[in-house]
Asker: 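There's a structure below that I have some questions on.
Below, chain A is the first sequence line, B the second, and so on; all start at residue 1. None of the values given here were measured: they were computed from a predicted structure.
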2 protein chains.
Amino acid sequence: MPRPGSQTSLEPPSSGRSTTCTAMSDILNRIGDKWSVMVVAQLGNNTRMRFSELRRAVDGVSQRMLTLTLRNLERDGLVNRTIFAEVPPRVEYELTALGETLLEPIYALWDWAGAHGNDVAAARERYDASREQEIERA
Amino acid sequence: MPRPGSQTSLEPPSSGRSTTCTAMSDILNRIGDKWSVMVVAQLGNNTRMRFSELRRAVDGVSQRMLTLTLRNLERDGLVNRTIFAEVPPRVEYELTALGETLLEPIYALWDWAGAHGNDVAAARERYDASREQEIERA
DNA sequence: CCGGATCCAGTCCGATACTG
DNA sequence: CAGTATCGGACTGGATCCGG
């Protein structure tokens, strides 16, 4: 927690945290992607995984999406892709140094999901329930 | 920073961090959304903002997307929406207690974007450049 | 085993117009 | 001011087939 006074700061938007919205937006387009987060999280646990290993670990991911996600992560300098000239072919993925710096914020999100996921689900049910009442009234 | 040893843990996938991928996936569908992150970050700075205030602050957001984002955040119990029966009408938004707990992981991401955004951009240029060479060769 | 290529349905999102 | 409604284009993502 490097930043003091992060929560409930009364400062105007453009004071301490100077990252522009557009820069943040650009990063979120890659990082905010569901599969990217899950792949990076997996590689953070396992350092060096094969394609099909990742495919099994990530759960709902399709082959196509895993390929695309890995390409984008490689393009962004977050994962290394090493091809072994063998038969049958083998490809392994691992986080780069830059990719490992992403683990901390990702784990923060991951832990938040674990800690408050049920709160969100409960709030959602409450919201939907009160909306059903409005529909009945009409 | 509640968790010790978050980074570079060598533990197998299903050891310490037990949140399932599917639960994480569910949360990421809402939280991983670009606009949600930016709106929560703004409300973390400013506590209580009006609709058009947010619209101006968030930058590229369309009216429609801001509306939808705020509805979803309200539904998830992250944002309170209070309507003032006035003319002209006024609606104010603020983070709930649950929403404020989200600030920490969001700020972590935000700061990462500020610290490493240029690294990602550089990696992207390098990648694209090396791909152009391959095209020339063909 | 890895992943490129193609097709296609579903979804998202911006623009616009209209209401309380 | 703060939305809702509708439309149409763009993009996403899954399924499938094929190639190295």
Asker: By nearest atom, which of the nucleotides D/dG14, D/dA2, C/dG14 is closest to the B/R64 side chain?
Answerer: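 Shortest atom-to-atom distance from the side chain points to C/dG14.
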Asker: When the distance from CG of B/L28 to C1' of D/dG13 is rounded to whole Å, what number comes out?
Answerer: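 For the pair B/L28 CG and D/dG13 C1', the rounded distance is 17 Å.
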Asker: So what does B/R81 hit on the nucleic acid, given a heavy-atom distance under 4.0 Å: a base, only sugar-phosphate, or nothing?
Answerer: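 If one applies the 4.0 Å heavy-atom cut-off, B/R81 turns out to touch the sugar-phosphate alone, with no base involved.
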Asker: Can B/W112 and A/L102 be said to form a side chain to side chain contact (heavy atoms under 4.5 Å, CB included), step by step?
Answerer: CA-CA 7 Å; B/W112 188 91; A/L102 234 192; 3.5 Å; yes
Asker: Taking atom C1' of C/dC2 as reference, at what distance in whole Å does atom CD of A/E92 sit?
Answerer: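 So the two atoms are 13 Å apart, to the nearest Å.
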Asker: Using the side-chain contact (heavy atoms from CB on, under 4.5 Å) rule, pick out the option among A/L78, A/L103, A/T47 that qualifies with A/L95.
Answerer: A/L103
Asker: Between A/P89 and A/D33, which residue's closest nucleotide on DNA chain D lies nearer the 5′ terminus?
Answerer: A/D33
Asker: Let me know the distance between CZ of B/R55 and P of D/dC1, rounded to the nearest Å.
Answerer: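 So the two atoms are 11 Å apart, to the nearest Å.
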Asker: Just the rounded figure in Å: distance from C1' of D/dT12 to CG of A/L68.
Answerer: 10 Å
Asker: Looking at B/S62, I'd like to know whether one of its side-chain N or O atoms comes within less than 4.0 Å of OP1 or OP2 on C/dG14.
Answerer: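 B/S62 to C/dG14 OP1/OP2: side-chain N or O found under 4.0 Å.
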Asker: Evaluate the side chain to side chain contact (heavy atoms under 4.5 Å, CB included) criterion for residues A/M38 and A/V61: first the C-alpha distance (whole Å), next the side-chain angles of each, then the deciding distance (0.1 Å), finally the verdict.
Answerer: CA-CA 10 Å; A/M38 313 238 290; A/V61 71; over 6 Å; no
Asker: What distance do A/F51 atom CZ and A/L70 atom CG have between them, rounded to the nearest 0.5 Å?
Answerer: 6.5 Å
Asker: Spell out, as yes or no, whether a donor-acceptor pair under 3.5 Å connects the side chain of B/S52 to the backbone of B/R55.
Answerer: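 Answer holds: no.
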Asker: What is the nucleic acid contact for B/F84, judged by heavy atoms within less than 4.0 Å: base, sugar-phosphate only, or nothing?
Answerer: nothing
Asker: With nearest nucleotide decided by heavy atoms, which residue, A/T67 or A/P88, maps closer to the 5′ end of DNA chain C?
Answerer: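 Nearest-nucleotide comparison on DNA chain C picks A/P88.
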Asker: Looking at the side chain of B/R50, which of D/dG3, D/dA2, C/dC2 is the nearest nucleotide?
Answerer: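 From the listed options, D/dA2 comes nearest.
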Asker: How would you label the contact of A/R71 with the nucleic acid (heavy atoms, under 4.0 Å): base, sugar-phosphate, or nothing?
Answerer: sugar-phosphate
Asker: Within this structure, what is the CG-to-C1' distance between B/L70 and C/dC13, rounded to whole angstrom?
Answerer: 16 Å
Asker: Report the distance from atom CH2 of A/W35 to atom C1' of D/dT12, rounded to the nearest whole Å.
Answerer: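 It is 12 Å, rounded to the nearest whole Å.
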Asker: Looking only at the side chain of B/S52 (C-beta and beyond, no hydrogens), which of the listed nucleotides C/dC2, D/dT4, D/dA2 gets closest?
Answerer: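 Closest nucleotide among those given: D/dA2.
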Asker: To the nearest Å, give me how far apart NZ (A/K34) and P (D/dT12) are.
Answerer: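 Rounding to the nearest Å, NZ of A/K34 and P of D/dT12 are 15 Å apart.
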Asker: Please give, in whole Å, the distance from D/dT12 C1' to A/M65 CE?
Answerer: 7 Å
